[in-house]
Amino acid sequence: MQTIRVWDLPTRLFHWLLATAVVGLVITANIGGNWMNWHLRLGYAVMALLLFRLVWGFVGGHWSRFGSFLYAPSTVLAYLRGRARPEHRVGHTPLGALSVFALLIILSAQVTTGLMSDDEIAFFGPLVRYVSGDTVALATSYHKNVGKFIVIALVVLHVVAILFYKWVKKDNLVRPMVMGDKQLARTLVVQPARDSAASRVFALLVLAMCGGAVAWLVQLGNAF
């Protein structure tokens, strides 16, 4: 066996920070009251993380780039029929890739509608003043009554898939996302992810820029 760095540190931190923030969002939304202040903060944090992942999907480590797990429909069907290729065990599998893209898209929709939502009590998104009342109503309805439950369902499916791979396929997906490395057969020639000190500093700069963009957006809503 050989040890290969698959997940770079920025990707691993993104994964666990996003998971923590999403759980916090669900909890604070259900508690309500003054906890909505934290709901807003966590929403902004998720937005910054999503922006970071969008950029990192093009410039990050090899297996973190979208190009490494953007599979053709025929490949996904072949995987579902049991015709997986050896390299599918390295990064995201075709089925795992669908889960990742679904989560990113749904979370982006949830964050976007949150920016335009208004609870008509004390909390409203920074973009409410820039869109029509009908748009605010639609965004609020989706955010509270639709998107939240889709996010919860996808998170549950994500966890179930991880347990399935661990117990049925005997493939531990959690440990590599914590440690970064995978044990692979020496006969499998794969490209390790770049995870140098320089790339980590670059990732920190990218995250800072994404955080700055979100801060600017929030201040835009408070400009008037």
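Here the structure is a predicted model, which means the values were calculated and not measured. Atom set for the values below is all heavy atoms of this structure, side chains included, hydrogens, waters and symmetry mates excluded.
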May I ask whether Val26 and Leu40 are part of the same hydrophobic cluster, defined by side-chain heavy atoms of I, L, V, M, F, W, Y residues being less than 4.5 angstrom apart, directly or through others?
no
Next on the checklist: Does Asn145 have more than 12 heavy atoms from other residues, nucleotides or ligands lying within 6.0 Å of its CG?
Outcome noted: yes
Within a radius of less than 6.0 Å around CH2 of Trp35, do more than 12 heavy atoms belonging to other residues, nucleotides or ligands occur? no
Backbone N/O of Lys166 and side chain of Lys169: donor-acceptor pair under 3.5 Å: no
Query - Close side-chain approach of Pro126 and Tyr44, heavy atoms under 4.5 Å - result: yes
State, with a plain yes or no, whether a side-chain heavy atom of Leu98 is found less than 4.5 Å away from one of Pro94. no
**Request:** Go through the side-chain N and O atoms of Asp8 and Ser199 and say whether any donor and acceptor fall under 3.5 Å apart.
**Result:** no
Under the side-chain contact (heavy atoms from CB on, under 4.5 Å) criterion, do His62 and Val190 qualify, and how do the steps go? CA-CA 10 Å; His62 175 75; Val190 297; over 6 Å; no
Determine the interplanar angle of the His92 and Phe69 rings, folded into 0 to 90°, and report it as parallel if under 30°, tilted if 30 to 60°, perpendicular if over 60°. perpendicular
Distance col, row Lys182:NZ vs Asp171:CG, nearest 0.5 angstrom, shows 5.5 Å
Closest non-hydrogen atoms of Thr11 and Ser64, given as atom of the first, atom of the second and distance, are OG1-OG, 2.6 Å
- request: Give the intermediate values and the outcome of side chain to side chain donor-acceptor pair (under 3.5 Å) for residues Ser99 and His158.
  value: CA-CA 7 Å; Ser99 175; His158 195 70; 3.2 Å; yes
Could you tell me if the side chain of Arg41 sits less than 4.5 Å from the side chain of Asn37, heavy atoms only? yes
Can you tell me if OH on Tyr79 sees more than 12 non-hydrogen neighbours from other groups inside 6.0 Å?
yes
So CD1 of Ile106 and CD1 of Ile152: to nearest 0.5 Å the spacing works out to 13.0 Å
Note to self: Parallel, tilted or perpendicular: which one describes the rings of Tyr71 and His88, with boundaries at 30° and 60°?
What the structure shows: perpendicular
task = Could you tell me whether the side chain of Arg12 and the main chain of Val178 form a donor-acceptor pair under 3.5 Å?
result = yes
Discussion item. Please verify the inter-ring angle class for Phe58 with Phe66; under 30° counts as parallel, over 60° as perpendicular, anything in between as tilted.
Written reply: perpendicular
*Polar side-chain atom of Gln2 near backbone of Leu188 as donor-acceptor pair, under 3.5 Å*: yes
Note to self: Over 60° means perpendicular and under 30° means parallel, so tell me whether Phe14 and Phe52 are parallel, tilted or perpendicular.
What the structure shows: tilted
Closest non-hydrogen atoms of Val111 and Met47, given as atom of the first, atom of the second and distance, are CG1-CB, 3.6 Å
* Asked: Is Ser141 reaching over with its side chain to a backbone N or O of Leu138, donor-acceptor style, under 3.5 angstrom?
  -> no
d(Thr112 OG1, Leu107 CG) to nearest 0.5 Å is 10.5 Å
Practice item. Could you state whether Phe149 and Val46 fall into the same hydrophobic cluster, counting links through intermediate Ile, Leu, Val, Met, Phe, Trp or Tyr residues with side-chain heavy atoms under 4.5 angstrom apart? Key: no
Do the non-hydrogen side-chain atoms of Phe124 and Val136 ever get within less than 4.5 Å of each other?
no
message = Quick check: is Leu42 connected to Ile31 through a chain of hydrophobic side chains (ILVMFWY, heavy atoms under 4.5 Å apart)?
response = no
Could you tell me whether the side chain of Leu127 reaches within less than 4.5 Å of the side chain of Leu217, counting heavy atoms only?
yes
Distance col, row Thr135:OG1 vs Met116:CE, nearest 0.5 angstrom, shows 7.0 Å
dist Lys148:NZ -> Thr113:OG1 (nearest 0.5 Å) comes out at 12.0 Å
Correct closest heavy-atom pair for Asp195 and Pro10 would be OD1-CD, 3.9 Å
In this structure, CG of Asp118 is separated from CZ of Arg129 (nearest 0.5 Å) by 10.5 Å
Heavy-atom closest pair (Phe123 atom, Asp119 atom, distance to 0.1 Å) is O-OD1, 2.8 Å
Minimal heavy-atom distance between Gly61 and Ala193, with the atoms involved, is CA-CB, 4.2 Å
message: Within the supplied structure, the quantity of interest is the number of heavy atoms (other residues, nucleotides, ligands) at a distance under 6.0 Å from Lys144 NZ; does it exceed 12?
response: no
Exercise. Evaluate side-chain contact (heavy atoms from CB on, under 4.5 Å) for Thr28 paired with Met36, printing each intermediate quantity in order.
Key: CA-CA 6 Å; Thr28 53; Met36 288 302 295; 5.7 Å; no
- Query: Side-chain heavy atoms under 4.5 angstrom apart, residues restricted to Ile, Leu, Val, Met, Phe, Trp, Tyr: same cluster for Val55 and Val214?
  - Reply: yes
query: Would you find more than 12 non-hydrogen atoms of other residues, nucleotides or ligands less than 6.0 Å from Arg200 atom CZ?
result: yes
Nearest heavy-atom contact between Arg5 and Trp63 is O-CD1, 4.3 Å
Review point. Are Met209 and Leu17 joined in one hydrophobic group, where the rule is that I, L, V, M, F, W and Y side chains link up if heavy atoms are under 4.5 Å apart?
Key: no
